[in-house]
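What follows is a single structure, written as structure tokens, with notes after it.
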Amino acid sequence: MKLALSTIIADIVAQMGEAAERGKVADYIPELAKVDPAQFAIAIATADGDLFTGGDADTGFSIQSVSKVFALTLALGKVGDQLWDRVGREPSGNAFNSIVQLEREAGIPRNPFINAGAIVVADVNLGGHQPRVAIGEMLRFVRYLSGDDSIAINEDVAASETATGFRNMALANYMRAFGNVRHQVDLVLGTYVHQCAIEMSCRQLALAGRYLMLDGRHPDGGRVVSPSRARRINALMLTCGHYDASGDFAFRVGIPGKSGVGGGILAIVPGRASIAVWSPGLNDSGNSCLGTQALERLARHTGWSVFSPPQEGD
């Protein structure tokens, strides 16, 4: 499989380089509007400890909503299943920043991967502290997961999101009116936008996702989450990780994944691989155009899918 993966990655990089339709960058966040859409990267960390990369795999990008996976992991560690009293576990069927369902559902977001749900998770992680404490905890966590202390927050991106995040302000204030945001809104949003502004490369992101590939274990032998919690996070990634296109992603790719409007996608094949792809151009659903295509090709060539039986040699 080692040789095959190298060949598959090389073919995918070549195909993505020739793609005519590359999507549109998230220009509603001014700093993200500056990113060159011609870039593409892929990295695969396998369960046996290998790492395969292609394209711009060492180029840093704003992970945006991919950070919600790590934030959810931290929040579950703090309050456990009590989190589900404040956040649902169902696909939303609406855009990631929609406010429509909150009134009908009494300020309870559908899942932790839409913006409203992630804001509640940020409220949990804030935990009565100043945002710098919660942000520092998140940064230490992703550095630990990836084994890389160079990971940092892009302060220009954070400032850009803060200046233009009027819809997130509306979501947070609306949920505070229902009592589902308990800290001051500006403190919660400060925590949220800074976690979204974490900058990582595909190499770093694939390494950070390994605990979800390894049933909750860090490769160094430490336990990040329990096996059941790792499986449940993966399940949420499969059903809710691509917003209102989550069903289509499951249909086409069949791998749990979480996207971000920075163009990154973290995808997990339990027991086999942690995969990161990045290309900043987005499709109409706000997911990486080329990243989605690349994962579909990878799944087809490897046979990796949570809906497929193990193949010989796995």
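Hydrophobic clustering of Ile, Leu, Val, Met, Phe, Trp and Tyr side chains at less than 4.5 Å, counting indirect connections, unites Leu74 with Leu76. Under the 4.5 Å side-chain heavy-atom criterion for Ile, Leu, Val, Met, Phe, Trp and Tyr, Met16 and Val25 are members of distinct hydrophobic clusters. Leu207 and Phe70 fall into different hydrophobic clusters, defined by Ile, Leu, Val, Met, Phe, Trp and Tyr side-chain heavy atoms under 4.5 Å apart, directly or through other members. Hydrophobic clustering, with ILVMFWY side chains joined whenever heavy atoms are under 4.5 angstrom apart, keeps Ile255 apart from Phe251. Linking Ile, Leu, Val, Met, Phe, Trp and Tyr residues whenever their side-chain heavy atoms come within less than 4.5 Å places Ile119 and Val185 in a single cluster.
Rounded to the nearest 0.5 Å, atoms CH2 (Trp304) and CG (Leu5) are 4.5 Å apart. The line from NE2 of His183 to CG of Asn125 is 10.0 Å long, rounded to the nearest 0.5 Å. Atom CE of Met213 and atom CG of Asp215 lie 11.0 Å apart (nearest 0.5 Å). With rounding to the nearest 0.5 angstrom, the CD1 atom of Ile265 is 4.0 Å from the OG1 atom of Thr292. Within the model, atoms OG1 of Thr191 and CD of Gln130 stand 9.0 Å from one another, a figure rounded to the nearest 0.5 Å. Atom CD1 in Ile63 sits 9.0 Å away from atom CG in Leu266 (nearest 0.5 Å).
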Donor-acceptor contacts under 3.5 Å from residues 82-90 side chains, at least two apart:
| from | atom 1 | to | atom 2 | distance (Å) |
| --- | --- | --- | --- | --- |
| Arg86 | NE | Asn180 | OD1 | 3.0 |
| Arg86 | NH2 | Asp123 | OD2 | 2.6 |
| Arg86 | NH2 | Asn180 | O | 2.7 |

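Side-chain N/O atoms of Ser259 and Tyr243 include no donor and acceptor closer than 3.5 Å. At a cut-off of 3.5 Å, with distance as the only test, a side-chain donor of Asn115 or Lys68 sits close to an acceptor on the other residue. At a cut-off of 3.5 Å, with distance as the only test, no side-chain donor of Tyr211 or Ser274 sits close to an acceptor on the other residue. Remark: the His194 side chain and the Glu155 side chain contain an N/O donor-acceptor pair separated by less than 3.5 Å.
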>> Working note: Asp50 + Ile44, criterion side-chain contact (heavy atoms from CB on, under 4.5 Å); need CA distance, chi angles, decisive distance, verdict.
In response: CA-CA 8 Å; Asp50 289 316; Ile44 303 175; over 6 Å; no
>> With side-chain contact (heavy atoms from CB on, under 4.5 Å) as the criterion, how do Ile29 and Gln64 come out once you've worked through the C-alpha distance, each side chain's angles and the decisive distance to 0.1 Å?
In response: CA-CA 11 Å; Ile29 300 175; Gln64 292 294 311; 4.0 Å; yes
> Passes side chain to side chain donor-acceptor pair (under 3.5 Å), Ser67 versus Gln195? Steps please.
Replying inline: CA-CA 6 Å; Ser67 68; Gln195 80 175 40; 3.3 Å; yes
>> The test is side chain to side chain donor-acceptor pair (under 3.5 Å); show your working for Asp48 and Thr46 and say whether it passes.
In response: CA-CA 5 Å; Asp48 58 6; Thr46 64; 2.4 Å; yes
>> side-chain contact (heavy atoms from CB on, under 4.5 Å), that's the test. Do Val261 and Leu282 meet it? Break it down for me.
In response: CA-CA 7 Å; Val261 297; Leu282 308 180; 3.9 Å; yes
> Can you check side-chain contact (heavy atoms from CB on, under 4.5 Å) on Ile135 and Met138, steps first, answer last?
Replying inline: CA-CA 5 Å; Ile135 295 163; Met138 169 69 77; 5.7 Å; no
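Summarising the geometry of Ser160 relative to Glu31, their closest heavy-atom pair is OG-N, 3.2 Å, with the distance given to 0.1 Å. Minimum heavy-atom separation, Ser62 to Cys196: OG-O, 3.1 Å. Among all heavy-atom pairs drawn from Ser146 and Gln204, the shortest one is CB-O, 3.5 Å. Residues Val269 and Ile275 share a closest heavy-atom pair of CG2-CD1, 3.8 Å. Taking all atoms of both residues into account, the shortest heavy-atom contact from Ala43 to Thr53 is CB-CG2, 3.9 Å.
Counting heavy-atom neighbours within 6.0 Å of Phe178 CZ, excluding the residue itself, gives a total above 12. Environment of CZ in Arg232: sparse, with no more than 12 heavy atoms of neighbouring residues, nucleotides or ligands closer than 6.0 Å.
Applying the salt bridge (Lys or Arg N to Asp or Glu O under 4.0 Å) definition to pairs two or more places apart or across chains, those involving residues 51-64 are Asp58-Arg203. Evaluation of the salt bridge (Lys or Arg N to Asp or Glu O under 4.0 Å) test over residues 280-305, restricted to residues two or more places apart or in two chains, returns Arg252-Glu296. Annotation: salt bridge (Lys or Arg N to Asp or Glu O under 4.0 Å) contacts involving residues 127-151, sequence neighbours excluded, comprise Lys78-Glu137.
In terms of modelled atom types and a separation under 3.5 Å, the side chain of Ser285 and the main chain of Ala245 share no donor-acceptor contact. With hydrogens and angles disregarded, a donor-acceptor distance shorter than 3.5 Å links the side chain of Gln39 to the backbone of Asp36. Of the possible donor and acceptor atoms, none in the side chain of Trp278 sits under 3.5 Å from a partner among the backbone N and O of Gly60. A donor-acceptor distance shorter than 3.5 angstrom exists from the side chain of Asn111 to the backbone of Ile114, with no hydrogens or angles considered.
Taking 4.5 Å as the limit, every side-chain heavy atom of Phe52 sits out of range of all side-chain heavy atoms of Ile42. Using a 4.5 Å heavy-atom cutoff, the side chains of Arg217 and Val224 are not in contact.
Proximity of the aromatic rings of Phe113 and His242 is defined here by a centroid distance below 6.0 angstrom, and this criterion is not met.
Residue Val306 is found in a hydrophobic cluster whose other members, listed by chain and number, are Leu238, Phe307; membership requires side-chain heavy atoms under 4.5 Å apart, directly or through intermediates.
Residues meeting the salt bridge (Lys or Arg N to Asp or Glu O under 4.0 Å) test with Glu103, sequence neighbours left out: none.
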